[in-house]
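Report on the structure given below.
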Amino acid sequence: MQEAEKSTPSSEENIDLGEIIADLKGGEINEFAVIIEGEEKTTWFVWILVACASISGLLFGYDTGVISGALVTIGEDLTRGKQLTDGQKEFITSATTLGALIGGLFAGVISDWSGRKLVLAVADIIFIAGAIVQCVCHDVWTMIGGRFLIGIGVGLASCIAPLYIQELAPTRLRGRLVVLNVVMITLGQVIAYGIDAGFENVNGGWRWMVGLSCIPAGIQFVLLFFLPESPRILLRRGRIDAVRRIMTRIYTTATPRDLEMKVKVLQASVQQSIEISETTTFLQRFQRLFLEGINRRALIVGCGMQAFQQLCGFNTLMYYSATLFQEIGFNQPTAVSLIVSGTNFIFTLVALKWIDQIGRRKIMLWSAPGMIFGLTLASIAFHYMTRKTGGVLVENTAYPDSWADIVLLSMIIFVASYATGIGNVPWQQGELFSLDVRGLGTSIATATNWAANLLINSTYLSLMAKITPAGAFGFYAGLCLLGWLFVIFCYPETAGLSLEEVMMIFRSGFGIKESKRLRAEKQQIKIRANTMIAGTEPREEKSD
């Protein structure tokens, strides 16, 4: 429906739910839905809710980061007088990723049936069980089993926590609130490295490192009893009264009439997805995800961004940074790793500030070249550092401090660029899918993340040995270049669009121009509505 044919609706007009549904089907922004969406102040309820849900991110970060220091300090505790081999280290780290792959693959699908909260609670139980198994183990295979359990919890949490937050967040802050979960991931990694450094010289200190994750998991499990379910899940169950209660707490400054209109607009926006969910089987929805162009393109974007996040090689630093820095001559490798994880945390705060204002696409276009530069610099540094040792890193070899410092600098540049962009943006994946396939789509995208993670981390040490450190980091730089090209040609801007509006951009192609048009149209509607309220002439505004 064209703007010229619409008049700005007032709060006294009846809500034409059919018009909202028709506009969504037709790929147009509905003026009434935009106006009633509003720009209300974000309440403490929303911040507390997101903070509680983001404990999942803290657990994700801690349990994936803590193994870096643990591998250095385990020594002979699990191998009866022998040091861990490279193969055993790869098995221990890859077990977490394999578990996460399985957990992520089923998380979204299960949450569509059980709700988002229950899956988060199950993840907490698994986190606790995995931590206990690791803490008391006395052989490598039991340790691998504990890491596998932890991985399942990580996979569940990494898929559902961002999805849960997105479905409760106001549109204007949706990106920022999801990034808050990523901030907690990076904070968890910082805490993990801090704990690693604190217990590095303690006999059996690695058991404390892996066991302490029980505490935040237990705290979140209790808090989940006080958190609401996603309003969109409640609408699928027909629980309108529960949705009204939640919306009242999210939009405390809205009048009762405006709240009622918000609920009805949300109900109209998801009505088509609810009808599809109620009249189709899981197999039919699975087929729709791949066979319908609008869903298939969303899936390609979601999976492509998640693959980019892992294939760039970042998590090799999270798992093996202490080992790497030890090999190139740093006396306190765990403390040096803390610098890397600290950089990750600090620059994630940059994304927290700007992801909704600047937009996801622009942040990615600006940050990816920094990743390419950092990895290329690392490749060059490793090449000159290892010339006397045949291009490979040899233990107990004194490498030039200058090149070691350049390696550290390159890692900081790479991690800063990663944290600003690709470390955050792929976790906005839930906004790409309509409600009827959202759980399934996010499951597949999350599984893609962990499959790529498994591929990279299970081959990292072998790759370093086969093609040298210079070759390995040059290879990762090449993959980053391919990821940047994917963003340029396939990743549209979604900031400022509601969850139901985002799915319209994939109606024809990958929607880069379409998203720009829809966002500009929505901005003009807001300007016109504000002008009518203020009784002034409209002023020109630049659209981003």
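- At distances below 3.5 Å, at least one donor-acceptor pair connects side-chain atoms of T459 with backbone N or O atoms of I456.
- Looking at heavy atoms from C-beta onward, L266 lies in side-chain contact with R232 at the 4.5 angstrom threshold.
- Residues passing the side-chain hydrogen bond (donor to acceptor under 3.5 Å, both in side chains) test with R438, sequence neighbours excluded: E167.
- For Y418, the ring pair (Phe, Tyr, Trp, His ring centres under 6.0 Å) partners are F314, not counting sequence neighbours.
- Proximity of S410 to L375: side-chain heavy atoms (C-beta onward) are nowhere separated by under 4.5 Å.
- Annotation: salt bridge (charged side-chain N to carboxylate O under 4.0 Å, His left out) contacts of R245 (sequence neighbours excluded): none.
- With sequence neighbours excluded, the residues satisfying ring pair (Phe, Tyr, Trp, His ring centres under 6.0 Å) with F60 are W450.
- Legend: residues meeting salt bridge (charged side-chain N to carboxylate O under 4.0 Å, His left out) with R285, ordered by chain and number and at least two apart, are absent.
- Of all heavy-atom pairs between F433 and T442, the closest is CE1-N, 4.0 Å.
- Contact of the R147 side chain with the I67 side chain is registered, since non-hydrogen atoms from C-beta on lie closer than 4.5 Å.
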Next on the checklist: If you apply the rule side-chain contact (heavy atoms from CB on, under 4.5 Å), what do you find for L173 with V46, and how did you get there?
Outcome noted: CA-CA 10 Å; L173 286 178; V46 173; over 6 Å; no
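- At a threshold of 4.5 Å between non-hydrogen side-chain atoms, the residues V502 and L499 do not count as touching.
- Residue-environment remark: CZ (R249) stays at or below the threshold of 12 foreign heavy atoms within 6.0 Å.
- No more than 12 heavy atoms of other residues, nucleotides or ligands sit less than 6.0 Å from atom CZ of F106.
- Applying the salt bridge (charged side-chain N to carboxylate O under 4.0 Å, His left out) criterion to D112, with sequence neighbours excluded, gives R116, R236.
- Put simply, the side chain of I48 does not reach to within 4.5 Å of the side chain of F226, judged on heavy atoms.
- Under the rule for a ring pair (Phe, Tyr, Trp, His ring centres under 6.0 Å), the partners of F286 that lie at least two apart in sequence or sit in another chain are F290.
- Take L234 and apply the side-chain contact (heavy atoms from CB on, under 4.5 Å) test, not counting sequence neighbours, and it matches E229, R239, A242, V243, I246.
- A heavy-atom distance below 4.5 Å is not found between the side chains of Q429 and L163.
- Under a cut-off of 6.0 angstrom, the local environment of CZ in F373 is sparse, with at most 12 non-hydrogen atoms contributed by other residues, nucleotides or ligands.
- Qualifying side-chain hydrogen bond (donor to acceptor under 3.5 Å, both in side chains) partners for R361, counting only residues two or more places apart in sequence or in other chains: none.
- For the side-chain hydrogen bond (donor to acceptor under 3.5 Å, both in side chains) test, residues two or more places apart in sequence or in another chain that qualify with Q310 are N315, N449, N453.
- The side-chain hydrogen bond (donor to acceptor under 3.5 Å, both in side chains) check on R207 picks up H138, with sequence neighbours excluded.
- A 4.5 Å side-chain heavy-atom check between C312 and F414 finds at least one atom pair inside the cut-off.
- Every ring pair (Phe, Tyr, Trp, His ring centres under 6.0 Å) that F221 has, sequence neighbours left out, goes to F225.
- Side-chain contact check for F347 versus T186: every heavy-atom pair is 4.5 Å or farther apart.
- A donor-acceptor distance shorter than 3.5 angstrom exists from the side chain of S498 to the backbone of E501, with no hydrogens or angles considered.
- Formation of a donor-acceptor pair under 3.5 Å by the Q428 side chain with backbone atoms of G175 is found in this model.
- Checking side-chain atoms of S158 against main-chain N and O of G155 turns up a donor-acceptor pair under 3.5 Å.
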